[in-house]
Amino acid sequence: MDFDETLWLRNSTEEFLNSVRPRFLAAVVLQLIGVLKPWRVFQRGTPNHYRDWFRILAVLAVAPWSLWAWRRKAATLGPRLVNRPLLEAIQRRPEPGLVVVSLGFREIISPLLAAIEPRLHLRESSSLRSGARLRIEGKAGALRRHYGDEKLRRALVITDSEDDRDLLDASAKPFLIRWPDAHSERAGLKPLMPFVYLERVKRPGDNYLRNVIVGHDLPVLLLAYAVVSPQPLIATVAILLFLLAFFTAYETGYHENDRLGLLLEHKPKVSDTFHTLGQNFSPTFAWSLAILMAGVASLVAVRSNSWIAELFGSAATDLLAVWAAFVFFMLLMRVLFRWMNVVQPQGRIIPMLGLQVGRVLGFAIIFQPTIVGSLFCVAYGLSKWLPYVIYRFGGKGRDVPNHLNCLLLLTLFAGAVAIGGNPEAFYTWQSGLIFAYASARGTKNLGKFSSSLMPLTYPAKAAEAGATPVADRSS
């Protein structure tokens, strides 16, 4: 007989991990290891036999008292979540020989089984010492070593899992039963750590943290602010910390967008994972962490000669001023996000403009920008805003060449400033770096977009008849 979600109506591994205290520490470890996936070193593919073993060991490394606490909790938790009808049927059996076989871990299951029915024997299970051995070998292989093929064939097998297919196939009396009261809840997902909601709910599969926040936003911020700082390395560290703090708070807007979309919109675009992970997102926790991270970033920014710090005389006052300024900026952006979340879809283009430009130009509240740096931030924000406008008015925003638009806008702005009588603003090495970066990104876009710049060609028959292309007539 299987144990998890059969004799016991929960998954013992997940319940153990859920019992670890402090819960915040377990959530940090489990979500971090979920990102790193160290079990892939031993095996790739699904199911991964090593995953649960790594998760338990990682939690025990930071909370070694958890197994001791689990033994105490299991005494009451075991009987409370037992499959009562199945247990009563077992207890009515006059003949002995019923054993429990589980892919779960002996250190976790044994206290539960002792509290449920001491006469039941845990014949085979995984353990923290043996790791994934049983999962690799399979239940049928392990039982065949003890009982032989014939006895295994005559055995009655009760399980809820297709993972026991080898055992079901080996038995002449297999029962695959899904019990209605059984369910498993993934441990360590409350509260969600920064960027988990963004990566797994709002933009699953996009690698938004790596591809957009670090890949696009961070270079723009470094070119606009860090390269002209008297201490560019310190400014780089400060900007990175501020950026992480900003998006930690910004995630609360994404969560609200999904939540209000389900309530207010006729056809909300919300991923399926919202219903399983959305309840684990805590805006209070996100804001607390964002403010704390902003404080650490402020401590670094004060040393990079932030223009705010130059207004005051003491180190403590400088730190508090920079910290308060960035928290104010995050709150202002959150108000804009709230506005966007509650207006009609097409009207959202107005607050979205502030959000897209503000996410880079807003850092000027801490770091002194130059003219070319400011124009670069505005061009970048507008290039990200234009696809949203097109999308909201029925077009395909994903087809827009963002980086090419950024280069074109920056060139247009630079020309306007030069015509206005201030070309010297662009006679700097920062300007050269910015234009080199924007050109490299824009040229990459141009490679995909170049076919759209080719002249229209006449179809042979239409040309013979003297007709004009459809595109020309419509224009």
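All values below come from the heavy atoms of this structure, side chains included, with hydrogens, waters and symmetry mates left out. One-based numbering along the sequence shown.
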Does anything in residues 17-41 pair up under salt bridge (charged side-chain N to carboxylate O under 4.0 Å, His left out), and if so which pairs, sequence neighbours excluded?
-> none
Candidate pair Tyr380 and Asn402, rule side-chain hydrogen bond (donor to acceptor under 3.5 Å, both in side chains), full reasoning = CA-CA 8 Å; Tyr380 175 76; Asn402 290 6; over 6 Å; no
Taking the side chain as every heavy atom from C-beta outward, state whether Val20 and Val62 have any atom pair closer than 4.5 Å.
-> no
Verify, without hydrogens or angle tests, whether Gln31 (side chain) and Gly188 (backbone) share a donor-acceptor contact under 3.5 angstrom.
-> yes
May I ask you to decide if His49's main-chain N or O and Gln43's side chain share a donor-acceptor pair within less than 3.5 Å?
-> yes
Could you tell me whether Arg145 and Glu137 make a salt bridge, using a distance below 4.0 angstrom between a side-chain N and a carboxylate O?
-> yes
Please tell me if the side chains of Arg441 and Tyr437 come closer than 4.5 Å, counting only heavy atoms from C-beta onward.
-> yes
Check: Ile109 and Phe16 side chains under 4.5 Å, non-hydrogen atoms | no
Polar side-chain atom of Asp206 near backbone of Tyr208 as donor-acceptor pair, under 3.5 Å = no
Going through the distances and angles, do Met333 and Phe328 end up as a side-chain contact (heavy atoms from CB on, under 4.5 Å)?
-> CA-CA 9 Å; Met333 294 292 284; Phe328 172 77; over 6 Å; no
Return yes if a side-chain donor-acceptor contact under 3.5 Å exists between Tyr197 and Asn280, otherwise no.
-> no
Residue pair Trp323 / Ile291, side-chain heavy-atom distance below 4.5 Å | yes
Ser229 side chain to Ala226 main-chain N or O, any donor-acceptor pair under 3.5 Å?
-> no
Take atom NZ in Lys73; do more than 12 heavy atoms of anything else shown fall under 6.0 Å from it?
-> yes
Using atom types as modelled and distance alone, determine if a side-chain donor or acceptor of His255 lies under 3.5 Å from a backbone N or O of Gly278.
-> yes
Residues Phe246, Tyr250; criterion ring-ring contact (aromatic ring centres under 6.0 Å, His included); working and verdict = CA-CA 6 Å; Phe246 172 76; Tyr250 202 74; 5.1 Å; yes
Charged N to carboxylate O under 4.0 angstrom, Asp149 versus Arg153?
-> no
Salt bridge (charged side-chain N to carboxylate O under 4.0 Å, His left out) pairs touching residues 55-66, sequence neighbours excluded, are Glu14-Arg55, Asp52-Arg55
Would you mind reporting whether Phe376 and Leu221 have side-chain heavy atoms less than 4.5 Å apart?
-> no
Report yes if some heavy atom in the side chain of Glu117 is under 4.5 Å from a heavy atom in the side chain of Ile90; otherwise report no.
-> no
Side-chain donor or acceptor of Thr273 paired with backbone N/O of Arg200 under 3.5 Å | yes
So, does Trp179 use its side chain to make a donor-acceptor pair with the main chain of Asp160 at under 3.5 Å?
-> no
Ignoring hydrogens and angles, tell me if any N or O in the side chain of Gln344 forms a donor-acceptor pair with the backbone of Gln346 under 3.5 Å.
-> no
Any sub-3.5 Å donor-acceptor pair from Asp166's side-chain atoms to Ala140's backbone N or O?
-> yes
Any side-chain heavy-atom pair of Val82 and Leu9 under 4.5 Å | no
Asp272 atom CG: more than 12 heavy-atom contacts under 6.0 Å | no
Side-chain donor-acceptor pairs under 3.5 Å in residues 334-343, sequence neighbours left out?
unit_1	atom_1	unit_2	atom_2	d
Arg334	NE	Thr252	OG1	3.0
Arg334	NH1	Glu256	OE1	3.2
Arg334	NH2	Glu256	OE1	3.2
Arg334	NH2	Glu256	OE2	3.2
Arg338	NH1	Glu256	OE2	2.6
Asn341	OD1	Asn257	ND2	2.8
Asn341	ND2	Gly253	O	3.2
Asn341	ND2	Glu256	OE1	2.8
Asn341	ND2	Phe337	O	3.3

Smallest heavy-atom separation, Phe105 atom then Gly131 atom, equals CE2-O, 4.3 Å
Is there a donor-acceptor contact under 3.5 Å from the side chain of Trp8 to the main chain of Gly78?
-> yes
Go through the steps to decide whether Ile136 and Tyr50 satisfy the test side-chain contact (heavy atoms from CB on, under 4.5 Å), and finish with yes or no.
-> CA-CA 9 Å; Ile136 295 171; Tyr50 294 88; 3.4 Å; yes
Residues Phe326, Phe242; criterion ring-ring contact (aromatic ring centres under 6.0 Å, His included); working and verdict | CA-CA 8 Å; Phe326 197 78; Phe242 276 129; 4.3 Å; yes
May I ask you to say whether Asp164 pairs ionically with Lys139, meaning some side-chain N is under 4.0 Å from a carboxylate O?
-> yes
Glu150/Arg154 ion pair, N-O < 4.0 Å = yes
Val196 and Glu251: which non-hydrogen atoms are nearest, and at how many Å?
-> N-OE2, 3.8 Å
State, without any angle test, whether Thr284 and Ser282 hold a side-chain donor-acceptor pair at a distance under 3.5 Å.
-> no
No-hydrogen, no-angle side-chain donor-acceptor test under 3.5 Å, Ser12 and Asp4 | yes
Got a second to check how far Trp385's CH2 is from Ile349's CD1, nearest 0.5 Å?
-> 5.5 Å
Stepwise side-chain contact (heavy atoms from CB on, under 4.5 Å) test for His403 and Lys444 = CA-CA 8 Å; His403 297 297; Lys444 187 177 180 180; over 6 Å; no
Taking side chain as C-beta onward, heavy atoms only, is Leu167 less than 4.5 Å from Leu152?
-> yes
Show the numbers, then the answer: is there a side-chain hydrogen bond (donor to acceptor under 3.5 Å, both in side chains) between Ser127 and Ser130?
-> CA-CA 5 Å; Ser127 73; Ser130 63; 2.8 Å; yes
The reported gap from CD1 in Ile213 to NE2 in His216 (rounded to nearest 0.5 angstrom) is 11.5 Å
Residues Arg80, Glu15: salt bridge by 4.0 Å N-O rule | no
Taking all non-hydrogen atoms of both residues, which atom of Leu218 and which atom of Val214 are closest, and how far apart?
-> CB-O, 3.5 Å
Begin with the C-alpha distance, continue with both residues' side-chain angles, and end with the deciding distance and a verdict on side-chain contact (heavy atoms from CB on, under 4.5 Å) for Ser66 and Leu60.
-> CA-CA 7 Å; Ser66 301; Leu60 289 177; 4.1 Å; yes
Taking every non-hydrogen atom, the tightest pair across Arg51 and Arg186 | NH1-NH2, 3.4 Å
